[in-house]
Structure formats: C-alpha cells, structure tokens
**Student:** 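If you scroll down you'll find the structure; I have some questions about it.
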Amino acid sequence: MDIFDKLPENYQHKFARTNPHMLKNMFGATDLAPFWIADMEFPIAEPISQEIKRIADRGIYAYEFDAHNVFASIVDWNKKRNDLVLDQKNFVQVTGVLTGIAVLIRELTQAGDGILIQTPVFHQFAQLIKSAGRKIVSNPLKIVDGAYKMDVDDMEEKLQSGAVKMILLCNPHNPVGRVWTKDELKKISDLATKYGVPLVSDEIHSDIIFEGHKFQSIVSIDPENHIALLGSPAKTFGMQSISNGYLYIPNETLRKKIKAVVGSMHLNHGNAVTTFATIAAFKHGAEWLDGLIAYLQSTINWIDQFLAAELPTVKMSRWKERIKYGSILGKLASPKRNWTVF
Ligand SMILES: Cc1ncc(COP(=O)(O)O)c(C=O)c1O
C-alpha cells in the first residue's frame with residue numbers, strides 16, 4: 001500500500017478542515033467535503049515526525065534558535081530542486097506567510113492605497129488588504145482556451161491610474177493552479193519597475209509542481225526590486241500548524257527596514273519544534289515529496305479520465321495541454337480510496 005493511501009490516526013474532527021464547530025461557524029453546515037482549506041490528509045514525512053519526537057523527548061523547552069541552519073536548508077533545497085541560487089543573508093523570518101504579507105502591506109503602503117491582486121485568489125489576500133485599511137484593486141484573470149491567463153493590459157491600465165501602490169502576486173496561483181511562466185513574470189516585473197511599485201510574490205506553493213512545468217521565483221527575474229515569500233515548508237510538507245514564513249528580500253535597504261520592524265515586534269522568534277522540523281523537512285524530505293507529487297499526478301490523471309468518460313461537459317482547467325497544480329485537485333483522494341467526486 002502507498003503511504004499516501006493511509007489516513008493518519010484520529011484524522012476526523014481534529015483539524016480545521018473537518019472540525020464541525022468551525023464548519024458551522026464559517027459555512028453554516030457540517031456535512032461538507034473538506035476542500036476549503038489548502039492542507040493535506042497525508043501522514044507527514046518520517047524524518048519530520050522523528051525530529052519532532054526527538055525535540056519532545058528532550059523534556060526541556062528552553063529558548064533555542066537556529067535560523068542559520070533553517071536558511072541554509074532552504075538555500076540548499078532551492079538550489080537542488082529549482083536551480084534557484086539564494087543568499088542566506090536575504091531571509092527575514094516571520095511567524096507565517098500571511099504575517100509576512102501583513103507586515104509588508106503596512107510598511108510599504110499607506111492607509112487608503114490600492115493593492116493589486118489577481119482574482120480569483122486566496123481569500124486571505126483581500127482580508128489582509130482590507131484589515132490594514134488599504135483598497136483592493138482587482139486584476140481579474142482571464143480564461144483563454146480553457147486556461148487561466150494574466151490580463152497584463154488591464155494590469156497596466158490600473159497601474160497607470162496611480163491608484164496601485166503594491167502588487168501582490170500568488171505564484172503558483174491558489175486557487176487556479178497556474179505556475180506563472182518566466183515570460184509572464186517578466187511582464188509583471190517590468191510593469192512593477194516601470195510604475196515604481198513593490199512586487200510581492202507569495203510562493204508558498206512553489207514545491208508542488210507537476211511534470212512538464214518549472215517554478216520560477218520572482219526574485220530570479222529581478223532580485224533588486226522584488227520580494228518573495230519563499231521557503232515555507234507549510235504546504236510542501238503538510239506542516240501548516242507548525243511552520244514559519246520566510247521573506248526573501250535581496251534589496252538591502254528594504255531588507256533592513258523590514259527586518260527592523262519584524263524584530264521590533266518580536267515576530268522573528270522561531271520555536272524549537274518549527275525550527276528543527278523545518279530543517280528536517282528540507283534536508284530529508286525530498287523522497288517523500290517526490291512520492292506525494294507522483295501520487296497527486298496519478299490522481300489528476302484519474303480525474304481527467306473519469307471526467308472524459310463520465311462527465312464530458314465538465315472541463316478541467318489546463319495550460320498548454322498539461323494540467324497545472326490545483327489546490328482542490330491536490331486534496332482529492334486516489335481511485336484506490338474509492339471516493340465519489342461530485
Ligand atoms: C497562497 C497562500 N498563502 C499563504 C497561506 C497561509 O500561509 P501561513 O499559514 O504561513 O500564513 C496559504 C494557505 O492556504 C495560501 O494558500
């Protein structure tokens with residue numbers, strides 16, 4: 001049996017996605033399929049759970065920091081998996097990706113400023129913008145030949161108006177699943193530079209990439225001007241409730257400014273479980289992740305065949321005849337689990 005066919009023990013009703021109290025509060029019902037949140041129902045990689053057990057077994061939880069090795073493990077990981085050369089000194093640790101975005105919004109824009117997002121996009125982006133007293137400027141994605149595309153002309157129009165003071169990108173995009181190409185990223189990057197607005201790229205989903213596609217970080221396009229939220233193990237390794245967020249800011253002036261703010265609020269404090277679990281994930285989690293991606297790819301292929309055979313009027317969003325990462329697809333079970341998809 002594939003390790004991804006096994007549900008972890010006590011899976012039901014313990015976590016946000018299936019917690020009846022939360023579901024009732026949020027959706028007014030409890031009999032819902034758990035596709036509303038981007039987390040997994042797979043047992044995590046053995047080296048991570050072993051490391052967490054090691055920390056727990058020590059029986060002592062004194063202050064302990066090891067950001068150096070966390071950043072080193074993220075650098076190595078990105079070199080090996082994405083051909084992406086990063087520099088350890090450019091990281092700023094925060095308590096989560098959303099915390100990082102919230103800090104950037106507050107530090108790089110003013111109350112009332114517009115922030116451009118490519119809708120439909122992860123709902124928390126809108127919440128972060130509104131709760132900081134900024135305005136949402138929507139740059140809707142277009143569906144062209146059955147696939148989602150950026151509307152670069154619309155983006156430029158909105159930048160020209162002067163109302164946009166930050167672009168918040170999601171790459172790969174949650175929920176439409178596009179891994180933005182180098183060409184698309186270059187266009188956005190050029191526009192951000194032309195109109196002098198910071199470009200912030202949430203790259204939390206960058207490790208779940210299917211065959212035929214390659215993730216490009218925004219900082220590989222223009223390191224001096226852009227900021228990436230890169231290196232969170234949350235989605236990659238199913239560590240949502242125990243992970244930090246990592247800002248990557250190559251521009252020194254900007255990095256110093258953000259680091260000072262984050263430090264002044266003590267948001268850069270890791271904890272030992274997170275720290276060592278992150279290092280274990282990036283150092284020893286590759287084999288597990290390859291297995292996960294292969295498993296999800298076979299699930300996607302099965303859905304594809306199922307739709308063609310049984311529900312031909314239902315279309316799956318595709319890009320260049322290849323299926324991109326989809327957060328919902330990622331959570332559907334394999335045919336082996338015998339689920340019915342409605
Ligand atoms: C695009 C995106 N960014 C950020 C998050 C949440 O990140 P964190 O829990 O580190 O704040 C999610 C979770 O679904 C997400 O999909």
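The figures here come from the full heavy-atom set of this structure, side chains too, leaving out hydrogens, waters and symmetry mates. Both ligands and their constituent atoms are indexed starting at 1 by order of listing. By convention here, the first residue in the shown sequence is residue 1.
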**Student:** Write out the residue and atom name of the closest protein heavy atom to atom 1 (C) of ligand 1, then the distance separating them to 0.1 Å.
**Tutor:** D202 OD2, 3.3 Å

**Student:** Within the 4.0 Å heavy-atom shell around A38, which atoms of ligand 1 are there?
**Tutor:** 14 (O)

**Student:** Please check if the number of heavy atoms outside E252 that lie under 6.0 Å from its CD is greater than 12.
**Tutor:** no

**Student:** What's the shortest distance from atom 6 (C) of ligand 1 to any protein heavy atom, and which residue and atom give it?
**Tutor:** L98 CG, 3.9 Å

**Student:** If you count the atoms of ligand 1 from 1 in the order shown, which ones are under 4.0 Å from a heavy atom of G96?
**Tutor:** 10 (O), 11 (O)

**Student:** Counting from 1, what ligand 1 atoms have a heavy atom of C170 closer than 4.0 Å?
**Tutor:** 1 (C)

**Student:** Can we say E184 and R178 salt-bridge, meaning some charged N sits less than 4.0 Å from an Asp/Glu carboxylate O?
**Tutor:** yes

**Student:** Could you tell me whether H269 and F65 have their ring centroids closer than 6.0 angstrom?
**Tutor:** yes

**Student:** Assess the pair Y148 and W180: is the distance between their ring centroids shorter than 6.0 Å?
**Tutor:** no

**Student:** Would you call R17-D39 a salt bridge at under 4.0 Å N-O?
**Tutor:** yes

**Student:** Taking NZ, NE, NH1 and NH2 as the nitrogens, is one of them in K158 or D154 under 4.0 Å from a carboxylate oxygen of the other?
**Tutor:** yes

**Student:** What do you reckon, does H205 put a non-hydrogen atom under 4.0 Å from ligand 1?
**Tutor:** yes

**Student:** Please report whether ligand 1 has a polar contact with N174, defined as an N or O pair separated by less than 3.5 Å (distance criterion only).
**Tutor:** yes

**Student:** Within the 4.0 Å heavy-atom shell around K235, which atoms of ligand 1 are there?
**Tutor:** 12 (C), 13 (C), 14 (O)

**Student:** Indicate whether atom 9 (O) of ligand 1 is within a distance of less than 4.0 angstrom of some protein heavy atom.
**Tutor:** no

**Student:** In this structure, which one of F282, Y248, F91 forms a ring-ring contact (aromatic ring centres under 6.0 Å, His included) with F71?
**Tutor:** F91

**Student:** Tell me whether ligand 1 is touched by A234 - counting only heavy atoms on the residue side and a distance under 4.0 Å.
**Tutor:** no

**Student:** So which heavy atom in the protein is nearest atom 5 (C) of ligand 1, and how far is it from that ligand atom?
**Tutor:** F122 CE2, 3.4 Å

**Student:** What is the nearest protein non-hydrogen atom to atom 7 (O) of ligand 1, stated with its residue, atom name and distance?
**Tutor:** I204 CD1, 3.4 Å

**Student:** Between E51 and R54, is there a side-chain N and carboxylate O pair less than 4.0 Å apart?
**Tutor:** yes

